[in-house]
Amino acid sequence: MDQGSGDFRDLQSIAATVRMDALRSICSAGSGHPGGSLSCVEILVHLYFARMRIRPDEPEWSGRDRFVLSKGHACPALYAVLARRGYFDPAELSTLRAPGSRLQGHPDMRLLPGLDCSTGSLGQGFSVAAGLARGLACGPASQPSCPRVYCLLGDGELQEGCIWETAATAAAARLSNLVAVVDCNGLQLEGPIDGIKPVGSLSRRWLEFGWHPLEADGHSFGSLEAALDEACSCGLPSVVLARTVKGKGVSFMEGIAEWHGRCPGPEELRDALRELEKGLRWP
Amino acid sequence: MALMRAAKDGWMDGVIAAAGADPRVVLLDADISRSVGAGRFADAFPSRYFQLGICEQDMVGHAAGLALAGRVPFVESYAVFAAGRAWEQIRTTVCHMGLGVKIGGAHAGLSAGPDGATHQALEDIELMRVLPGMTVLVPSDAPQAEACALLAARLDGPCYVRFGRNPVPVLHETVPEVVPGGAEVLETGEDVLLIGAGVMAGACAEAGRILAGSGVRASVVNAYSIKPLAGEIICSLARGCGGVVVACDCQRTGGLFGAVAEALAVRCPRLMASVCVEDRFGASGDPAGLLASLGLTAERIALEANALLNRRRTGD
């Protein structure tokens, strides 16, 4: 359940809708990445519905905050969030991965308004986000008008060496308008991250790279709000380590690495949607 | 004695001139500012010079972000690392988004000399040439390198400019005009066509003079724009002649030889010979000695031209 005093029922309902959208679009495509899409839904919904300064009816507005989905394979969730936020008709979600679709298998900013960066090759989006943050910096970080750059990373993605090149670059340049969020679902394609390449304390690692690390429950809007409030005001490049569950919201997917890149069958989709529908109803 | 100057110095002149003309221009450096004289840029435009340290992959991604933010970013590293180590960032992040990142490949070819094989970029042209939307420029001297940097700044899309470290003869008295898909026709002659780029453009010109001494009339082309290639110019000169020799301090496979062969194969096939690096690495040595040891000389170009003409004569 959500913590904090805020009323997040609207956001929770949106999150349930986004999960259903994402799974439906993956099934329309016949392929995609459900596990890591479902784990980052609250993060994306928080950013697009509660935090970022954006104008969905004016996607190229120069003063907007930017978002880079460095874990580009989670794009079914991002597409659903963009559609529900008003960037395009949710009916288009069913074209995911189809020939001629604007919804490519990994995000293509040249095709789809609302995307600030094409991504898909792990590690690269983060680097672009740091460059964007430098390019958009307009004086002191505390300046409220300065656009921020939010970048969502996977915890498996942190195994890419160039992530740490970027971490060092951003810290050296004190890019305080750069906020990273790590979707810490603990699983990568092959299995548990800790069984493949243990990372130890991520918080300490980021701290030693000169970042301001924060921890949050990645499925709690209250927790995300508190962490991101601090991230945006601390005057350093900051990272929110969001604890999440891979496949969140669908009981038979939760915590199972196999669902990283497996498309549900028709009956599995039906069962998943039945579960998620409950989230649409306010308590 | 011809005036000697390193192409890298012309490149930096061009980047500085581009920055003076366009406030969006910024320069990113991966710890080689002393090698390429980027201190001059940093002094002139301190707020537009970013020293990122030794991280070529991140530098290219960072530049992509700056391009998305409306800047015109130049990046520079040794060509081996700029084109090789950061290749996937250039492919997937820069080229796929069509971003105007300008990549300077320094110490290219055998100009890294004593540093040895690890630092001698003999594959950068081919690596950059296969990328959709990439412009690949290989200037022959300092003034042309300056022109290429200025052209890169004006192009909307990505551009790779390759240049050497050591002083080489200055072939142009002033900064020449360069255009994507352009080439300089240095000589016209109907017997044989010699095509070179970079340091080998001058060698082709010299080979033309050697051939003239024995009555062979050669056309000589400085193909500074390898992508797009000046296909029309090259085909029109090749059409009437007995063979084409391509010379470049890069691997034969996929480099300038490959580019010319691809163009001629579909339009006007001709006998061809390569004076390029033949599937091997370099080694430590002074650049001129290395070029000679790998057969990248004017004499060898002339020899290959005569061999082509003999083959044509004998129908071999």
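Proteins get letters first, then strands, A, B, ... in listed order; numbering begins at 1 in each. What you see is a predicted model; the values in this text were computed from it and never measured.
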According to side chain to side chain contact (heavy atoms under 4.5 Å, CB included), who are the partners of [X], at least two apart in sequence or on a separate chain?
| X | result |
| --- | --- |
| C95(B) | I90(B), L131(B), M134(B), P158(B) |
| P228(B) | T135(B), P180(B), S225(B) |
| R280(B) | V277(B), L294(B) |

Single hit among L68(B), V60(B), V94(B), L99(B) for side-chain contact (heavy atoms from CB on, under 4.5 Å) with V128(A): L68(B)

Among the listed options G123(A), G125(A), G135(A), the residue most often paired with chain B at heavy-atom distances under 4.5 Å: G135(A)

Test item: L66(B) and L132(A) side chains (from C-beta on) under 4.5 Å apart, heavy atoms: no

Interchain contact, A63(B) with chain A, by part (heavy-atom threshold 4.5 Å): neither

More than 12 heavy atoms from other groups under 6.0 Å of CD1 on I54(B): no

L175(A), part contacting chain B, at a heavy-atom distance under 4.5 Å: side chain

Residue A130(A) versus chain B: region with a heavy atom under 4.5 Å: both

So between chain B and chain A, what donor-acceptor pairs come in under 3.5 Å?
{"unit_1": "D58(B)", "atom_1": "N", "unit_2": "E165(A)", "atom_2": "OE1", "d": "3.0"}
{"unit_1": "D58(B)", "atom_1": "O", "unit_2": "S127(A)", "atom_2": "OG", "d": "3.1"}
{"unit_1": "D58(B)", "atom_1": "OD1", "unit_2": "S127(A)", "atom_2": "OG", "d": "2.6"}
{"unit_1": "D58(B)", "atom_1": "OD1", "unit_2": "T166(A)", "atom_2": "OG1", "d": "2.5"}
{"unit_1": "D58(B)", "atom_1": "OD2", "unit_2": "T169(A)", "atom_2": "OG1", "d": "2.5"}
{"unit_1": "H62(B)", "atom_1": "N", "unit_2": "S127(A)", "atom_2": "OG", "d": "3.4"}
{"unit_1": "H62(B)", "atom_1": "ND1", "unit_2": "G131(A)", "atom_2": "N", "d": "3.4"}
{"unit_1": "H62(B)", "atom_1": "NE2", "unit_2": "R134(A)", "atom_2": "NE", "d": "2.8"}
{"unit_1": "H62(B)", "atom_1": "NE2", "unit_2": "R134(A)", "atom_2": "NH2", "d": "3.4"}
{"unit_1": "R71(B)", "atom_1": "NH2", "unit_2": "G135(A)", "atom_2": "O", "d": "3.3"}
{"unit_1": "E88(B)", "atom_1": "OE1", "unit_2": "S121(A)", "atom_2": "OG", "d": "3.3"}
{"unit_1": "E88(B)", "atom_1": "OE1", "unit_2": "Q124(A)", "atom_2": "NE2", "d": "3.4"}
{"unit_1": "E88(B)", "atom_1": "OE2", "unit_2": "S121(A)", "atom_2": "OG", "d": "2.4"}
{"unit_1": "E88(B)", "atom_1": "OE2", "unit_2": "Q124(A)", "atom_2": "NE2", "d": "3.3"}
{"unit_1": "T93(B)", "atom_1": "OG1", "unit_2": "Q124(A)", "atom_2": "OE1", "d": "2.5"}
{"unit_1": "H96(B)", "atom_1": "O", "unit_2": "R110(A)", "atom_2": "NE", "d": "3.1"}
{"unit_1": "H96(B)", "atom_1": "O", "unit_2": "R110(A)", "atom_2": "NH1", "d": "3.1"}
{"unit_1": "H96(B)", "atom_1": "NE2", "unit_2": "R110(A)", "atom_2": "NH2", "d": "3.1"}

